[in-house]
Amino acid sequence: MKITQTRLQLSLFLISFLWVAFISTPNSFAQNPAPLVQGIVNRRTISLNGEWHYIVDPHEEGNARRYYLNGKPYGSRDFVEYGFNTAPTLRVPGDWNFQRPELQLYEGTVWYQRSFDYHVKSNTRTFLYFGAANYRARVWLNEKPLCDHEGGFTPFNCDATAALQDGANVVVVSVNDTRRPDDIPSVRPDWYNYGGLTRDVLLVEMPHEFIQQYSVELDRGRLNHITGWIKTTADSPALQKVTVRIPELKLSTEAIADQQGLLRFSFDPPKLELWSPERPKLYRVEIASATDQIAEDIGFRTIETRGTDIFLNGKSIFLRGIDMHEEPVGRAGRAHGEDDARSLLSFAKELGCNFVRLAHYPHDESMVRMADRLGLMVWSEIPVYQGVDFKNPQTLGKAQQQLTEEITRDRNRAAIILWSVSNETPKSPERNTFLQQLIKTARELDPTRLITSATNQTNSSVPHKKVFDDPLIADLDVFGVNEYIGWYEGVPADLDITTWATPYDKPMIVSEFGGEAKYGLHGPVTRRWTEENQEEIYQHQIAALRKIPFLRGTSPWILKDFRSPHRNLPQLQDGFNRKGLISENGERKKAFYVLQKFYRELAAQASSGGL
Ligand code: GCU
C-alpha cells in the first residue's frame, strides 16, 4: 500500500515541477542577441542610463514568478508578491556591489527595471544596446523576451523594433553574476566580481537597411595602402552603392561586393600621417550607403614582428607599459566612461608609458578610444584566466564569442596592437588545443594585429635560469611572461644572477612583474609590504630585464591597488591586491618613480634613434 502512495506523490511532484519549470513559464529563453552593431558612439542613440529599480533575487524566484511581467498578476492569482515601481534604485552604468552596503559581497541575480517613453518611427530599426552586463543577462521589453547574453565584459544588442511601443515602455533585465567552473572567467579570478549593468545602456536607432560592421586599416606591412570592408544588412549587397571617404586626404572610393557579400575597398593615400604614441593622428572616415552613413575617427599604423623585434610603422619599438584593471582612482566599483578612462590613462602617461595592458578582460569602449586619442598602444585580453574548463566545448564557445565581440567592437582602434587569448593557463594538450582554436579565430577575424598570451610556465629546472619554452609560444606572434622574482619567488637580488633564454625566435613582453606595498608604510628594503621593498624589487627587475636581448616590452603588475577577495591581510591588504604603483586613491608609491625614470630613459633613447 505504502509504496504506491509514495510513487503517486513522486509523480505528482514531478509533474508540478515540470509544469512550473518548463511549461507555465512562457517566454523561456535562448533568444540570441542580434549581430553586434559597430561604432555605437557615432550613432543616433537615446541613453537609458540613470536610476533603475531593482529587486535582489537570491533564490532565483523571479523567473517562476515572472518578474518580467513588471507586476502584472498572472494565472489564478490576482496579486503578485513583488513590485518594481516602489522598489529602491541602482545607478546604471554601475556595479551593484558599491552602491548598496548589503550588496557589497552579493553574487546572484538582481532584476533591473525602468520605464521610458519612446516615439516609434517608420523605416527605423531600434536596438537595445548594452556596453556590458556581468555576467549573464536576460532582457525583456514590454513583457516580451528580447535576448540573453553571457560574458561580463563585451557588448551586445537586441533588436527591439518589434517590441517597442509608441509612448510608455518598460524594460526588465535580470543579471546574474554567479561564478561557475565552465564560465569565462572561471571561479577564482584575482579580481572583484562586480555585478550588474556595468556599462552604458542605450537605444540605438538605425535606418531599416544599415551599415552593420566595417574595417578600415593599413594593409599588413604596407604604409600607404588602406584596405577595408563593409558589412551592411542589405539583402543584396551587390546592388548596394557604398562610398568611403577620407575628406582630410581628399580620398573617396566606392566599395565593391565580393562573393561573401562583403563590400571591399582600398586607397593608396599619397601622404598619410601615421598613428603613433608620439603623434596619435586620427582621420575622420565617412562611410555612406543609399540608406545609411556613419563617420568614425580612425588612426592608420602598421604593427609587425621580425625575429625578436616588434615594428610600429616599420620602426623597431620598445613597449613601455603598465597593467591595469578596470577600477577608477579614488572611487569604489567598476570604472566606466571617458572620465575614468582619462584619469587612469593619464597616470600611465605620467609614468612615461607608450603602452598599456588592459587586464584581464576587454575594458569599456571609452578606454580604448581614449588610448587612441592619447597615443597609448593597447594589449587587449579575453578572461581565459588560469584554470579554465579546457575540455568543455561550451566553454570554448563562450571564449570564442567573447573574442568575436571584442574584435568586432574594437577592430578600428589603431591603439590596439595585440589580442591576448589567455593569462597564466596551465600547460596541457587540451589547453593548447583550446587556445589554438582561439588564435585561429582571432587571425581569421583580424589578420593585421599581433596575437599574444601571458604565460608563466617556464622551465626552471636549473636555479636562476629561466627558459621560456611553453609550447603555446609557437602559435603566438609575441609571447608574454609573468614572473614574480623577488616577491613570490626568491629575493630581489636573485634577479642579478638570473639568466633568461627561449628556443623561440620571437619578441617577449614581460607582461607582469612586481610586489606588494602598502602606501605610506616604510621600512628596511628587506621588509615585505614596505614601499622600500617594492622599490627594491623594481630596481632589480629593471636592471635584469634590460639585459634580455629578446625583450621588447614590459608591463609591470600593476598601475593601481585593486580589490580582490583573495587578499585578506588586515591592515596591509584589507581586500586589496597591493601591487599597485599607486594606491586606490592615486597616491604614488616609491616604485612609481623607479619605473618612471626607466621609461624616461628609454623614451630618450628611442627619440635619439637608439633602442
Ligand atoms: C597573476 C595574475 C594576476 C594576479 C597577480 C598577483 O600573475 O595574472 O591576475 O593579480 O598574479 O598575484 O598579484
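First listed ligand is number 1; within each ligand, the first listed atom is number 1.
- The pair Lys466-Glu483 does not count as a salt bridge, with every side-chain nitrogen at least 4.0 angstrom from each carboxylate oxygen.
- Here the heavy atom of the protein found nearest to atom 12 (O) of ligand 1 is Tyr488 OH, 2.5 Å.
- Ranking protein heavy atoms by distance to atom 7 (O) of ligand 1, first place goes to Glu424 OE2, 2.3 Å.
- Taking the ring-ring contact (aromatic ring centres under 6.0 Å, His included) definition, one finds that Tyr192 meets it with Phe98, Tyr194, sequence neighbours left out.
- Counting the atoms of ligand 1 from 1 in the order shown, those under 4.0 Å from a heavy atom of Tyr484 are 5 (C), 7 (O), 11 (O).
- At least one heavy atom of Tyr385 sits closer than 4.0 Å to an atom of ligand 1.
- Nearest to atom 11 (O) of ligand 1 among the protein's heavy atoms is Glu512 OE1, 3.4 Å.
- Between Lys398 and Asp183 there is a salt bridge, with a side-chain nitrogen of the basic residue lying less than 4.0 Å from a carboxylate oxygen of the acidic one.
- Look at Arg357 and Glu381 and you find a salt bridge, because one of the NZ, NE, NH1 or NH2 atoms lies within 4.0 Å of a carboxylate O, short of that distance.
- Heavy-atom contacts of Asn423 reach the following atoms of ligand 1: 2 (C), 8 (O) (cutoff under 4.0 Å).
- Under the 4.0 Å criterion applied to side-chain N and carboxylate O atoms, Glu338 and Arg373 are assigned as salt-bridge partners.
- Residue contacts with ligand 1, taken as heavy atom pairs separated by less than 4.0 Å, do not involve Phe513 at all.
- Aromatic rings from Trp557 and Phe562 are positioned such that their centres are separated by under 6.0 Å.
- Annotation: atom 10 (O) of ligand 1 to nearest protein heavy atom, Asp190 OD2, 2.5 Å.
- Between Gln386 and ligand 1, no pair of N/O atoms sits closer than 3.5 Å.
- Contact annotation: Arg567 has at least one heavy atom less than 4.0 Å from an atom of ligand 1.
- Per-residue contacts place Phe562 under 4.0 angstrom from the following atoms of ligand 1 (heavy atoms of the residue considered): 10 (O).
- For Asp446, the salt bridge (Lys or Arg N to Asp or Glu O under 4.0 Å) criterion is met by Arg449, not counting sequence neighbours.
- At a heavy-atom cutoff of 4.0 Å, ligand 1 is contacted by the side chain of Asn577 but not by its backbone.
- Ion pair Lys589/Glu531 not flagged as a salt bridge, since none of the NZ, NE, NH1 or NH2 atoms sits closer than 4.0 Å to an Asp/Glu carboxylate oxygen.
- Annotation: atom 13 (O) of ligand 1 to nearest protein heavy atom, Lys579 NZ, 2.6 Å.
- Here Ile558 has no heavy atoms under 4.0 Å from ligand 1, in either its backbone or its side chain.
- Counting atoms of ligand 1 from 1 in the listed order, those under 4.0 Å from a heavy atom of His360 are 3 (C), 8 (O), 9 (O).
- Annotation: Tyr385 is in aromatic contact with Trp191 [ring centroid separation under 6.0 Å].
- Atom NZ of Lys597 has 12 or fewer neighbouring heavy atoms from other residues, nucleotides or ligands inside a 6.0 Å radius.
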